[in-house]
Structure formats: structure tokens, C-alpha cells
Amino acid sequence: DDRGGGYSQYQHIRLTNWVKDPTFDYWGNFIYIKDQRNQKVWSTSLPPTSLIPEKYEVSFSQNYSNITRLNLNIETELEVVVPFETDLEIRYLTVNNKSSEKRLLELTSYVEIVLDDHSSYQMHPIFSKMRLESEFHSASKTLLFHRLTKPSVNIPIFVSRIITPNASAKITFETDRLRVLGRGGSVEFPNTFTQSEGFTLDPVCCWNIPVTLKPRSSQTFCFLYTAAYSRDTALANLAKYPSLEKIHDLIEFTRKAELN
């Protein structure tokens, strides 16, 4: 929606969590920006943080949405794209330092994992979460999530990766909601990461990266998500697009296709 909320789904399986609740707008796939100088935290969308944006603009089309936000002389442009004839979800983020000072920032992505039929998950969410396992695939630097099921039950694998402009960037991850938010913590304020994987009571997919921006400069990052019924297919979906340049070309192709 225009506030940045929503969920991801693969066929009939809900991949990520979202609840339609007009009183609690803290569900969705979020990217936080933290100013290391003053410790202020906001997001590329309106929720889940309380900091009021100085500018906020949203545009939509069938397979593409764009959210532009300004806070503390940092402008973010988030393009969310589901390209035609792919099983990808792209979150292409440009962070622009509009000030005359060097800025030290931190980016954190956050989304809760479901990998279940929506109605089954809503009836027994705690039980559902207990059968999810995560794994960090070091060769491709991806996070994989899969559900332990009977052989007769076919549930897709969910895979995520972050692409940065600097191959040597210090990227960390987290899959345990408790470690990200702390006990009794709020989604307004993510914590430090310990890079856990395996079984947790509350699985999330989170990436974290420090960002240094020179005055009047910008950097682009990409958070990629996909799903498939086999591990090899899921990894191959992401391997087709190893760079920001290839992702940008795919986004432009999708936008032009919508116009035709």
C-alpha cells in the first residue's frame, strides 16, 4: 500500500508475514536507516518508525512501486519491482546524501518469514514458526529458509540476498526476531546482529550494512528475494542477476514493458 506495507506470496503459499490491522501498522518488509551520529532511526516507508518524514512520495503501477522519502538531509528512493516472467522480488534502494557533510549510516532490512498457507499460519502461528529452518549459504552469500514437512507436502524455499556497490562491504545477517528486536522490543528499533541460523522460535530475514556517504553523493543497494520448490532453482534465480547493473537493466525492462 502507499504506506509501504504488504506481503510476498508464491502461488498459494504466504512467504512473509502481514496482518490487516488498522490499529497496528507494523507488518511488512521494511528497510531502516540509522544515523550513527545522532542515533535517529527511520525507514524508507512510513511504518514502522515514528519519525515524521520531511518529504514522502509514492507512485504505483502493475509490477512496480516507488517510495521517495527525506529525513535529516538523507533522501531514499525505494523501487519495489516484481519483473515479468520471473520469480523475483526486487527492492532497489538509492540513498542520497543531500548535505555538505560526510554521513555515517546503517541500513537494516527486516521481514518476518511464514512459508505456510495463510489460514494455517493464522490458526497456529507459534506451531508454524517452530518448523522453519534457516541457513546461510556462504558461497553465494544468501539466506535460505525452508519448512520441515512430510515428503507429500510441497512448500517452496525462500531465499534472499543483498547486493552492494562495494564487494568487500561488511554485511551481517540475522534470522532470529528476538535477537533483532530484543525481548519485548519494538519493530521501531532494530538491535545488533549475531548472525544466527538454524531453528528459532520467531524467524526473520534481516540484512545489515554500514554505509559511508560523502557530501552530495549517493549509493545504491539491492535486496533480492525469490522462492522455488528446490534449493538449486532458488539459488539459480538469484545467480542470474549478480550485480547492480544487471538488476537495473531488469528494472528498466519491466518499466518499459508496462508502458507497451
Side-chain angles (χ1 to χ4, degrees), residues 1-33 41-71 74-96 98 107-114 118 156 158-163 187-188 205-207 218-227 237-238 240-241 244-260:
D1 57 26
D2 60 350
R3 295 177 58 82
Y7 59 88
S8 301
Q9 184 161 314
Y10 185 75
Q11 298 176 2
H12 68 286
I13 297 298
R14 183 69 66 88
L15 301 177
T16 62
N17 195 19
W18 182 78
V19 178
K20 187 177 182 180
D21 186 345
T23 65
F24 189 77
D25 196 13
Y26 288 175
W27 310 99
N29 190 329
F30 303 122
I31 302 175
Y32 302 87
I33 300 93
V41 179
W42 64 100
S43 59
T44 57
S45 55
L46 287 179
T49 61
S50 57
L51 191 65
I52 298 174
E54 299 160 27
K55 181 180 78 171
Y56 189 79
E57 299 174 351
V58 182
S59 61
F60 289 102
S61 60
Q62 181 181 355
N63 290 62
Y64 174 90
S65 64
N66 183 295
I67 301 176
T68 301
R69 175 169 175 161
L70 178 67
N71 281 92
I74 297 295
E75 183 181 70
T76 56
E77 181 184 12
L78 177 64
E79 299 174 83
V80 182
V81 186
V82 180
F84 294 102
E85 300 181 356
T86 75
D87 291 322
L88 290 178
E89 178 181 323
I90 300 169
R91 291 180 176 262
Y92 192 82
L93 176 64
T94 301
V95 185
N96 183 13
K98 302 179 77 69
L107 300 181
T108 301
S109 68
Y110 175 92
V111 64
E112 298 176 8
I113 307 302
V114 173
H118 181 58
F158 180 75
V159 183
S160 174
R161 182 186 180 199
I162 178 174
I163 302 177
V187 290
E188 287 196 48
C205 177
C206 297
W207 295 103
S218 64
Q219 290 186 30
T220 300
F221 306 84
C222 182
F223 301 85
L224 273 179
Y225 304 92
T226 190
N237 287 346
L238 298 189
K240 294 176 184 177
Y241 305 98
L244 290 170
E245 291 77 16
K246 285 190 175 293
I247 293 294
H248 182 265
D249 291 344
L250 182 58
I251 292 174
E252 288 302 305
F253 174 80
T254 302
R255 294 178 65 179
K256 290 177 181 177
E258 283 195 344
L259 297 175
N260 296 332

Evaluation steps, side chain to side chain contact (heavy atoms under 4.5 Å, CB included), between Ile90 and Cys222: CA-CA 7 Å; Ile90 300 169; Cys222 182; 3.7 Å; yes

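- Closest approach of Thr49 and Trp42 over heavy atoms only: OG1-CA, 3.5 Å.
- Counting all heavy atoms, side chain and backbone alike, Arg69 lies closest to Leu51 at NH2-O, 2.6 Å.
- Side chain of Asn17 to backbone of Tyr7: no donor-acceptor contact under 3.5 angstrom is found.
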Check the pair Tyr56, Ser45 against side chain to side chain contact (heavy atoms under 4.5 Å, CB included), reporting the backbone distance first and the verdict last. CA-CA 8 Å; Tyr56 189 79; Ser45 55; 4.2 Å; yes

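- A donor-acceptor pair is defined here as one N or O able to donate and one able to accept, closer than 3.5 Å; such a pair exists between the side chain of Thr226 and the backbone of Asp87.
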Would Gln219 and Val95 satisfy side chain to side chain contact (heavy atoms under 4.5 Å, CB included), going step by step from the backbone distance to the final call? CA-CA 5 Å; Gln219 290 186 30; Val95 185; 5.5 Å; no

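- Counting heavy atoms from C-beta outward, Ser43 and Pro48 have side chains that approach closer than 4.5 Å.
- Side-chain contact between Asn29 and Glu89 is present, with at least one heavy-atom pair separated by less than 4.5 Å.
- Shown here for Tyr241 and Leu224, the closest heavy-atom pair between the two residues is O-CD1, 4.0 Å.
- Environment of CZ in Phe253: sparse, with no more than 12 heavy atoms of neighbouring residues, nucleotides or ligands closer than 6.0 Å.
- Rounding to the nearest 0.5 Å places CD1 of Ile163 at 13.0 Å from CG of Leu93.
- Annotation: the span from Ile162 atom CD1 to Cys206 atom SG amounts to 11.5 Å, rounded to 0.5 Å.
- Here the side chains of Thr86 and Asn237 are not in contact, with every heavy-atom distance at 4.5 Å or above.
- Taking the side chain as every heavy atom from C-beta outward, Thr254 and Phe84 approach each other to under 4.5 Å.
- Within 6.0 Å of the CD atom in Gln11, the count of heavy atoms belonging to other residues, nucleotides or ligands exceeds 12.
- Shown here for Glu79 and Tyr64, the closest heavy-atom pair between the two residues is OE1-OH, 2.8 Å.
- Considering only heavy atoms from C-beta on, Thr16 stays 4.5 Å or farther from Tyr225 through its side chain.
- Between the Tyr92 side chain and the Thr220 main chain, no donor and acceptor come within less than 3.5 Å of each other.
- Ile13 approaches Pro156 most closely through the heavy-atom pair CG1-CD, 3.8 Å.
- Ile33 and Ile31 make their closest contact through CD1-O, 4.0 Å (heavy atoms, listed as atom of the first residue, atom of the second, distance).
- For the pair Arg255 and Glu252, the salt-bridge criterion is met [side-chain N within less than 4.0 Å of a carboxylate O].
- When side chains are defined from C-beta on, Leu88 counts as touching Leu238, because their heavy atoms get closer than 4.5 Å.
- Once rounded to the nearest 0.5 Å, the distance linking CD1 of Ile52 with CD of Glu54 reads 10.5 Å.
- Rounded to the nearest 0.5 Å, atoms CD1 (Ile113) and CG (Leu15) are 8.0 Å apart.
- Side chain of Glu258 to main chain of Asn63: a donor-acceptor pair is present (N/O by atom type, distance under 3.5 Å, no hydrogens or angles).
- Note: Cys205 SG to Arg161 CZ = 13.5 Å, rounded to the nearest 0.5 Å.
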Take Asn66 and Thr68 through the test side-chain hydrogen bond (donor to acceptor under 3.5 Å, both in side chains) and record every step on the way to the result. CA-CA 7 Å; Asn66 183 295; Thr68 301; 3.2 Å; yes

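- The shortest distance between side-chain heavy atoms of Ser160 and Trp207 falls below 4.5 Å.
- The shortest side-chain heavy-atom distance between Leu70 and Glu75 falls under the 4.5 Å cut-off.
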